[in-house]
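First the structure, in the form of structure tokens, and then the observations on it.
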Amino acid sequence: MKKLLLVFLLTTFSLLSQNDAKTCELVSKINTLLQREHYQPKPIDDSLSVFVFDSFMDVLDSNRNLFTKIEYQKLCEHRLLLDNSILQNNCSFMNDFVSVYKLALTRKKKVLEKIQKESFDYSTNDSVKFSKKNFPFDLVVTDLERVWKKRIRYDILEDISKLSTNLDSLTQNFTALEKTTKEKLFDSNLCQVNSILETKNRIEDDLQNSFLNLFCTYFDPHSNYFSLAAKSSFMSGLSTSTLSLGLNVGFNDKEELVVQEIVPGGPAAKTNKFDKEDLILKVSNAKGTQYTVSCASIEKIGELIFLDSNTEIELTIQKKNGTILNVFLRKQLMKATENAVYSYIAEKETKIGYINIPSFYSNFDGHTVQGCADDVAKEIAKLQKENIKGLVIDLQNNGGGSIEEAIKLAGMFIDIGPLSVLVDSKDNQTILKDYNRGTVYTGPMVLLINGNSASASEFFAATIQDYNRGIIIGSSSLGKATMQSILPLDEKNQQDFVKVTIEKFYRITGKSHQIKGIIPDIVLPVLFDSIINREISYKTAFKNDVISTKARFNPLPKTHFSEVIQLSTSRLKNTSRFNEISLLNKQINALYNNPKKPTRLAFKDVFEDVHEIDPLWKKIKKIVDRESNFTLSNTSYDLEKLKFDPFQQDLNSYKIKNLKNSPYLEEAIAILTDYNTLTK
């Protein structure tokens with residue numbers, strides 16, 4: 001027995017040593033790469049140590065109900081020493097994190113299994129507190145059962161409350177609902193814990209990946225580590241499946257699976273039940289296979305969703321207001337659209353061209369899609385044949401993409417000259433220029449942007465604004481003025497990669513929109529604008545600064561800009577829809593920013609807390625669904641193409657329906673109408 005025990009201990013020690021060595025090897029390679037390639041490399045010191053440690057603890061125990069105060073204090077011994085360990089090539093500190101995490105998860109499992117068998121009392125005066133900031137690590141072992149009982153009780157009451165807006169009906173059926181909800185929550189929690197504990201090397205791998213990524217984000221928010229692991233393979237399946245649900249999904253900051261995009265004309269879009277950021281809780285197929293997302297492996301979920309043999313899928317989703325829906329979807333063959341860019345003729349007194357650019361995609365491999373700049377040129381040609389009197393380019397929610405495409409696109413509206421200034425880690429300036437004389441379009445133009453317009457979108461918008469080439473309307477953009485490149489840690493064995501920030505770009509004036517974003521010429525109220533995670537919300541984001549540059553350019557005269565802006569400002573004051581949005585934003589800000597009062601763990605109290613937001617959501621939905629006062633139509637060219645393609649017809653109807661509700665396009669049309677009137 002002693003011999004077996006010795007072998008076991010030696011094996012365990014050997015495995016831990018292997019993990020240490022792998023972590024140190026990767027950290028060393030990442031640091032070498034970042035110190036060499038990063039725009040503004042940082043030293044490995046106490047600041048890094050504190051940032052990585054604190055962020056790591058937040059990842060491992062965000063709710064402060066896993067680690068005890070003593071365990072936290074033990075791990076805190078590393079808080080100022082991680083930098084020393086890394087520099088000394090000694091990553092044994094990971095053993096402490098792994099062992100404490102395993103111990104805490106095992107303890108949590110035992111507590112859940114114990115209280116699962118107990119009846120819960122919902123008549124006590126217990127309450128739960130909420131905070132925008134993280135609670136301290138002050139848990140003691142003797143309080144663990146009480147803490148988890150409160151947590152589960154609240155979750156049960158919250159889940160039941162979300163089932164209906166009728167308190168009396170839920171109260172009458174409370175006993176039966178409590179039983180099924182309690183069973184579901186315990187199953188989900190235990191399933192998640194068991195999955196983590198029982199999957200070979202999962203804890204070691206997850207903690208290592210989190211640590212390495214946090215190491216990178218210390219340098220800046222957009223430098224990240226990633227490997228060719230489960231998450232990468234899961235996400236890559238989104239673009240290769242022949243049959244599709246018409247949904248793009250991904251992970252949010254809490255590692256929850258969320259809806260990122262709804263493909264127009266696809267099965268999901270046709271249900272009218274999906275919105276961006278919906279949580280996907282459960283996935284099942286027609287054969288009875290079912291996985292809860294919180295506890296199943298990514299591979300299993302991906303297999304169920306993306307395998308062509310699973311043609312019928314049911315998704316359980318949770319809406320932003322907490323409503324839980326089961327949605328049945330039948331996959332369909334999703335033909336690739338010819339162009340991601342699309343256009344319409346928008347008309348209200350004046351015929352205006354509208355072009356939507358969802359992203360700055362590029363023709364990377366030379367034989368698939370064209371770049372977005374070429375596609376925009378084609379749309380402009382189609383619109384000009386319709387005799388448009390102005391052009392609206394929509395960059396709302398365009399998160400960026402290829403800077404090369406943004407340069408080409410800007411050059412289509414600027415005759416010739418510098419567009420932006422790139423600065424590298426050695427302060428070398430590269431002036432990005434449009435070398436092609438001539439423009440594709442010379443008429444009046446309006447650009448639409450919002451808080452999700454980022455990177456290449458901001459590059460393009462800044463150029464248009466600096467040259468006075470068009471009027472920008474909407475809300476301030478995200479504020480990201482950096483460029484990244486994906487580099488392998490090892491050229492010979494490309495299994496691990498780092499997305500590295502290598503350059504920063506500035507406007508041709510020498511100013512930067514980093515942190516600040518592009519400020520529109522005409523600011524319009526946008527729902528939820530103040531709670532968008534812009535660049536300024538990241539701790540390690542670069543600061544805003546100004547450089548001296550030799551770039552010389554000749555902006556166009558601001559003909560009638562001041563009059564157009566004044567007319568728009570006056571119109572906005574009397575536009576009920578924008579006034580309503582401003583009032584709703586005040587309510588939204590109060591809801592998200594004000595401290596939330598403690599909630600008593602009684603069903604009526606939790607129900608009222610959950611449904612306090614309902615009237616606000618009704619107002620938001622009403623204003624979002626309201627049609628604007630203009631007509632939309634296809635170009636003659638597109639009308640001919642649509643006759644023979646049912647899928648494109650569905651896609652077209654979906655786009656028109658959504659666009660008809662846009663008050664921003666309506667105001668853009670009014671601005672261009674004003675401009676044309678003034679120039680007659």
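What you see is a predicted model; the values in this text were computed from it and never measured. Positions are given from 1 along the sequence. All values below come from the heavy atoms of this structure, side chains included, with hydrogens, waters and symmetry mates left out.
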I'd like to check the side-chain contact (heavy atoms from CB on, under 4.5 Å) partners of [X]; sequence neighbours left out, ordered by chain and number.
X	result
S537	N533
S530	N589
N387	K389
K618	none

Going by atom type alone, with no hydrogens or angles, which donor-acceptor pairs under 3.5 Å involve a side-chain atom of residues 508-515 and a protein atom two or more places apart or on another chain?
{"unit_1": "T509", "atom_1": "OG1", "unit_2": "K511", "atom_2": "N", "d": "3.3"}
{"unit_1": "S512", "atom_1": "OG", "unit_2": "Q514", "atom_2": "N", "d": "2.9"}
{"unit_1": "H513", "atom_1": "NE2", "unit_2": "K480", "atom_2": "O", "d": "3.2"}
{"unit_1": "Q514", "atom_1": "OE1", "unit_2": "A481", "atom_2": "N", "d": "2.9"}
{"unit_1": "Q514", "atom_1": "NE2", "unit_2": "E535", "atom_2": "OE2", "d": "3.3"}
{"unit_1": "Q514", "atom_1": "NE2", "unit_2": "F542", "atom_2": "O", "d": "3.1"}

- Query: If you take all heavy atoms of I414 and D434, which pair is closest and at what distance?
  - Reply: O-OD2, 2.8 Å

- Summary of side-chain hydrogen bond (donor to acceptor under 3.5 Å, both in side chains) pairs that have at least one residue in residues 409-426, sequence neighbours excluded: D424-N428

Taking ring-ring contact (aromatic ring centres under 6.0 Å, His included) as the definition, give me every residue that meets it alongside [X], ordered by chain and number, with sequence neighbours left out.
X	result
F274	none
Y218	F51
Y654	none

Listing, residues 554-564 side-chain donor-acceptor contacts under 3.5 Å, not counting sequence neighbours, or none:
{"unit_1": "H560", "atom_1": "ND1", "unit_2": "E563", "atom_2": "OE2", "d": "3.2"}
{"unit_1": "H560", "atom_1": "NE2", "unit_2": "L678", "atom_2": "O", "d": "3.4"}

- Query: Going from CG on N594 to NZ on K596, what distance comes out if it is rounded to the nearest 0.5 angstrom?
  - Reply: 12.5 Å

- N/O donor-acceptor pair under 3.5 Å between D278 side chain and D275 backbone: yes

- Give a yes or no on this: more than 12 heavy atoms of other residues, nucleotides or ligands lie within 6.0 Å of atom NZ of K657. no

- Task: Using a strict 4.0 Å threshold on nitrogen-to-oxygen distance, state whether D220 and K42 make a salt bridge.
- Result: no

- Message: For K408 and D374: C-alpha separation, side-chain torsions, deciding distance, then whether salt bridge (Lys or Arg N to Asp or Glu O under 4.0 Å) applies.
- Response: CA-CA 8 Å; K408 284 175 68 177; D374 288 339; 3.7 Å; yes

- Task: Only pairs at least two apart or in different chains count here, so list each salt bridge (charged side-chain N to carboxylate O under 4.0 Å, His left out) that has a residue in residues 570-587.
- Result: R571-E667, R571-D674, E580-R626

- Pair listing, ring pair (Phe, Tyr, Trp, His ring centres under 6.0 Å) test, anchored in residues 461-484, at least two apart: Y467-F553

